[in-house]
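The structure appears right after this line, and notes come after that.
Just the heavy atoms: all of them, side chains too, but no hydrogens, waters or symmetry mates, feed the values below. For clarity, every value in this text was computed on a predicted model and none was experimentally measured. A note on names: the letters A, B, ... follow the listed sequences, proteins ahead of strands, and every chain is numbered from 1.
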Number of protein chains: 2
Amino acid sequence: MLRAAILKRTRVREIVLEFLVRNHGPFGTEELFAKLKSKKLDLVTLYRTLASFDKAGVVRRCDFGDGIARYEFQLSRSHRHHVICKVCRKARNFDQCFSDKLEQAIAKMGYSEISHTLEFFGVCKSCRKV
Amino acid sequence: MLRAAILKRTRVREIVLEFLVRNHGPFGTEELFAKLKSKKLDLVTLYRTLASFDKAGVVRRCDFGDGIARYEFQLSRSHRHHVICKVCRKARNFDQCFSDKLEQAIAKMGYSEISHTLEFFGVCKSCRKV
DNA sequence: CTTGTTGCAAATCGTTTGCAGGACA
DNA sequence: TGTCCTGCAAACGATTTGCAACAAG
């Protein structure tokens, strides 16, 4: 477990980190809470744990525009984008990205510390059948 | 006023639509509410008005990942992306986009009705000086 | 007139904060 | 020991819902 970063090694963090390492795909906080309910975590602690992981760069926060913050384990420093079904909200990874030139253009506009989000939405096969 | 779409022509809608047509840049609902307070609108009605405009395709909803839904007038059916300052949250338009090939790749994954969001974040010049 | 729209109050939902007790370094 | 972490209760902010009065087609 890599937490020699900035964070203390605690029971809650071990549980959450282990789950996120083993299971990919971004999870909302309540969703995670449900999946880990056998571990008897506190919801508020989970919110705080994920926020601290995010700040430490251990996880990446994803925003799919539905008012829910989702988190996924941050493997490398690279970007990660998703394809989200508009119906079932299931997300699949989609790592293709082409933003280097665009970020350069934005740097010329006077911005620093540039980052971006790129998310695709659609209706997945199984939802289309309904 | 183009509302021969699906929506009834009412006082509130005229006020909101006129404002959005004249003023660009996405506005949050509370923000709009403040700017139109002289017109004595109801906040809830404003939420509903924007939601109906969004559904009718009159406005576009933007999500900058800070838990606030913003809306901007939808000029054409084309995309519109933004550069958002991480400090002051001010958004500038950024229309460059070339995601056609990526959307094609996603179509091959079995998705239909594909759309995407692409937002850039950075620290703008004036916020950097602070 | 019939359906969609408004305004007000109250509810909801995801998330945050305060605080006291407890655990880690 | 001192700081960070946890859990519980309560607060919060953005948004939604219920409902009765109202206006548009």
Does B/Arg13 have a side-chain nitrogen or oxygen under 4.0 Å from the phosphate oxygens OP1 or OP2 of C/dT5?
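Yes, within the criterion.
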Using a cut-off of less than 4.0 Å, is there contact between a side-chain N or O of A/Thr10 and OP1 or OP2 of C/dA23?
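For C/dA23, neither OP1 nor OP2 has a side-chain N or O of A/Thr10 closer than 4.0 Å.
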Let me know, please, whether A/Val44 or A/Ser52 comes out on the 5' side of the other along DNA chain D by nearest nucleotide.
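Checking each residue's closest nucleotide, the 5'-ward one belongs to A/Ser52.
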Atom [atom1] of [X] to atom [atom2] of [N]: distance rounded to whole Å?
X	N	atom1	atom2	result
A/Tyr71	C/dG14	OH	P	14 Å
A/Arg9	D/dT6	CZ	C1'	18 Å
B/Tyr47	C/dA9	OH	P	17 Å
B/Leu41	C/dC8	CG	C1'	15 Å
A/Asp63	C/dG14	CG	P	14 Å
A/Ile68	C/dT12	CD1	P	17 Å
A/Lys55	D/dC5	NZ	P	9 Å
A/Asp42	C/dA20	CG	P	17 Å

Side-chain heavy atoms of B/Val12 within contact of B/Asp42, under 4.5 Å
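No, every pair of side-chain atoms sits at 4.5 Å or beyond.
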Any side-chain heavy atom of B/Cys124 within less than 4.5 Å of one from B/Lys90?
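Side-chain contact under 4.5 Å: no.
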What does B/Ala51 touch in the nucleic acid at a heavy-atom separation under 4.0 angstrom: a base, only the sugar-phosphate, or nothing?
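The residue B/Ala51 makes no contact with any strand.
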Looking at B/Arg48 and D/dG18, is any side-chain donor or acceptor paired with a base atom of the opposite kind under 3.5 Å?
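When only heavy-atom distances are counted, B/Arg48 does reach the base of D/dG18 through a donor-acceptor pair under 3.5 Å.
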Would a line drawn from the ring center of B/Phe120 to the ring center of B/Phe94 be shorter than 6.0 Å?
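B/Phe120 vs B/Phe94: aromatic centres under 6.0 Å.
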Ignoring the backbone of [X], work out which of [options] is nearest its side chain.
X	options	result
A/Glu30	D/dG2, C/dG14, C/dG7	C/dG14
B/Val12	D/dC8, C/dG7, D/dA24	C/dG7
A/Leu43	D/dT15, D/dG2, C/dT15	C/dT15

So among A/Phe19, A/Phe73, A/Phe33, A/Phe64, which one has a ring pair (Phe, Tyr, Trp, His ring centres under 6.0 Å) with A/Phe27?
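It is A/Phe19, the one option of A/Phe19, A/Phe73, A/Phe33, A/Phe64 that forms the ring pair (Phe, Tyr, Trp, His ring centres under 6.0 Å) with A/Phe27.
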Less than 4.0 angstrom from a charged side-chain N to a carboxylate O is my criterion; do A/Asp95 and A/Arg80 meet it?
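Yes, A/Asp95 and A/Arg80 are salt-bridged.
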